[in-house]
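A short worksheet on the structure shown next.
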Amino acid sequence: MLRLGPDHGPTILALPALFEEANRSRTLLVAMLRRLADRGIAGAIPDLPGQGDSLLPTRQARLSMWRDAVAAAATTLAGPVHLVALRGAALAATAIDPASCWYLSPLTGEEQVRELRRLRIAGAGDDYAGNIIADAMIDDLAHAPLPDGARTRVVRLAGDPRLADNHLPGAPPWRAAEPVAAPALADALAQDIAAWIAG
Amino acid sequence: MVPEGMNAVEATVRDVLRDVLSLPQAQVDGFSADTELFGTLPELDSMAVAGVLTELEDRLGIVIEDDEVDGEMLETFGALTRFAAERALV
């Protein structure tokens with residue numbers, strides 16, 4: 001688990017986007033947490049089983065493992081835990097009770113699976129843009145609800161017309177063919193999160 | 001707000017190609033109806049096509065079925081814009 005900022009006070013538990021989108025948006029997520037750490041707000045980015053630096057092969061990952069891992073990560077953090085989830089990662093956060101939830105461009109389990117299936121068709125193989133994902137995991141995701149209950153804020157990018165509490169200008173790095181440094185977007189997102197947590 | 005009108009759809013297609021293919025603004029600004037895309041633009045491989053389609057769906061509030069996708073609608077900027085407009089402007 002990558003930890004940034006102080007070891008006390010409110011802490012952001014930040015979940016990267018899923019599968020291929022994680023590679024493309026991790027730089028943005030780390031940049032956001034660095035900016036929050038500069039403001040004195042602690043952050044932690046866990047590696048979900050089968051994702052990032054996790055030792056578990058991606059094909060063995062199941063949604064229940066992700067939920068357990070998120071819950072376990074939350075118990076190691078000091079102070080009130082505020083959830084930040086990029087894209088489909090929110091689907092893995094139903095087993096915790098955070099002080100608040102902040103989602104960037106969330107999508108439903110059904111939408112996540114639709115995107116994954118499109119990638120598999122594009123690759124013309126059994127993988128999903130290089131990820132081997134079990135059919136059971138696809139099925140888990142397809143039926144996964146977004147968490148509800150906690151105080152929740154949804155932020156989307158300006159080109160995305162769907163309902164949100166705030167729309168910020170910027171291109172979606174999780175779609176970009178080449179890694180994009182988006183310092184202005186990271187600034188704006190960190191500022192939105194800081195104000196949300198303080199509120 | 002979902003973009004309405006042909007000009008708004010065309011602008012959205014331009015933005016999506018810029019954002020998904022990581023193209024410079026000047027390059028997408030230079031796209032005309034005849035600009036060739038799939039097979040000519042090296043950045044537009046089959047994985048990138050998937051990203052372009054999904055992003056067009058999100059930004060235009062449309063649904064694109066995979067059996068509607070063929071080489072023809074990806075051939076030129078004009079063809080892709082027409083394809084998007086036929087679904088977005090009803």
Side-chain angles (χ1 to χ4, degrees), chain A residues 17-25 27-28 87-88 103-108 110-125 127-131 154-164 166-182 184-185, chain B residues 1-5 7-29 37-71 73-74 84 87-90:
Chain A
L18 306 180
F19 302 111
E20 174 61 11
E21 289 192 1
N23 303 327
R24 297 173 171 190
S25 59
T27 307
L28 175 70
R87 304 281 294 152
Y103 301 143
L104 177 60
S105 303
L107 66 176
T108 65
E110 202 181 343
E111 289 166 335
Q112 178 77 62
V113 166
R114 188 176 146 77
E115 293 201 6
L116 288 168
R117 292 212 166 109
R118 179 167 272 162
L119 283 179
R120 185 166 68 165
I121 292 168
D127 63 314
Y128 300 80
N131 291 281
V154 173
V155 173
R156 294 186 183 277
L157 301 182
D160 183 344
R162 284 174 290 188
L163 200 64
N166 195 7
H167 283 89
L168 292 170
W174 50 87
R175 294 258 193 259
E178 302 292 329
V180 207
L185 181 58
Chain B
M1 271 247 314
V2 175
E4 286 179 35
N7 288 343
V9 171
E10 188 187 295
T12 302
V13 174
R14 224 179 270 278
D15 288 352
V16 165
L17 290 170
R18 177 197 62 201
D19 293 347
V20 177
L21 307 180
S22 304
L23 300 176
Q25 183 71 48
Q27 185 177 354
V28 296
D29 283 346
L37 300 179
F38 194 64
T40 302
L41 210 54
E43 294 86 353
L44 190 61
D45 59 19
S46 58
M47 283 297 158
V49 168
V52 167
L53 296 177
T54 309
E55 195 62 20
L56 282 175
E57 288 183 329
D58 288 354
R59 296 197 197 182
L60 294 171
I62 60 175
V63 174
I64 301 170
E65 299 300 338
D66 287 308
D67 59 12
E68 298 177 304
V69 179
D70 56 28
M73 51 84 70
L74 290 162
R87 279 148 191 82
L89 309 174
V90 277

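Not measured: the values here are computed from a predicted model. All chains are named by letter (A, B, ...) in the order of the sequence lines, taking the proteins before the strands, and each is independently numbered beginning at 1.
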inquiry  = If we ignore hydrogens and angles and just use 3.5 Å, is the side chain of B/Ser46 paired with the main-chain N or O of A/Ala122 as donor and acceptor?
reply    = yes
Is [X] atom [atom1] crowded by more than 12 heavy atoms from other residues, nucleotides or ligands, each under 6.0 Å away?
X: B/Arg87; atom1: CZ; result: yes
X: B/Gln25; atom1: CD; result: yes
X: A/Glu110; atom1: CD; result: no
X: B/Asn7; atom1: CG; result: no

key: Residue selection (most heavy-atom pairs with chain A, distance under 4.5 Å) from B/Thr12, B/Val69, B/Leu53   = B/Leu53
ask   = What option among B/Leu60, B/Val52, B/Asp19, B/Asp15 has the most heavy-atom pairs under 4.5 Å with chain A?
value = B/Asp19
task = Locate the shortest heavy-atom distance separating B/Asp58 from A/Asp160; write the atom from each residue and the value.
result = O-OD1, 4.2 Å
note = Correct closest heavy-atom pair for B/Ser22 and A/Ala176 would be OG-CB, 3.7 Å
Contacting moiety of [X], where chain A heavy atoms sit under 4.5 Å:
X: B/Glu43; answer: neither
X: B/Ile64; answer: both
X: B/Val20; answer: both

query = Just how far is it from atom CD1 of A/Ile121 to atom CE of B/Met47, taken to the nearest 0.5 Å?
reply = 10.5 Å
note = side chain to side chain donor-acceptor pair (under 3.5 Å) test vs B/Thr54 passes for just one of A/Glu115, A/Arg118, A/Arg175, A/Arg114, namely A/Arg118
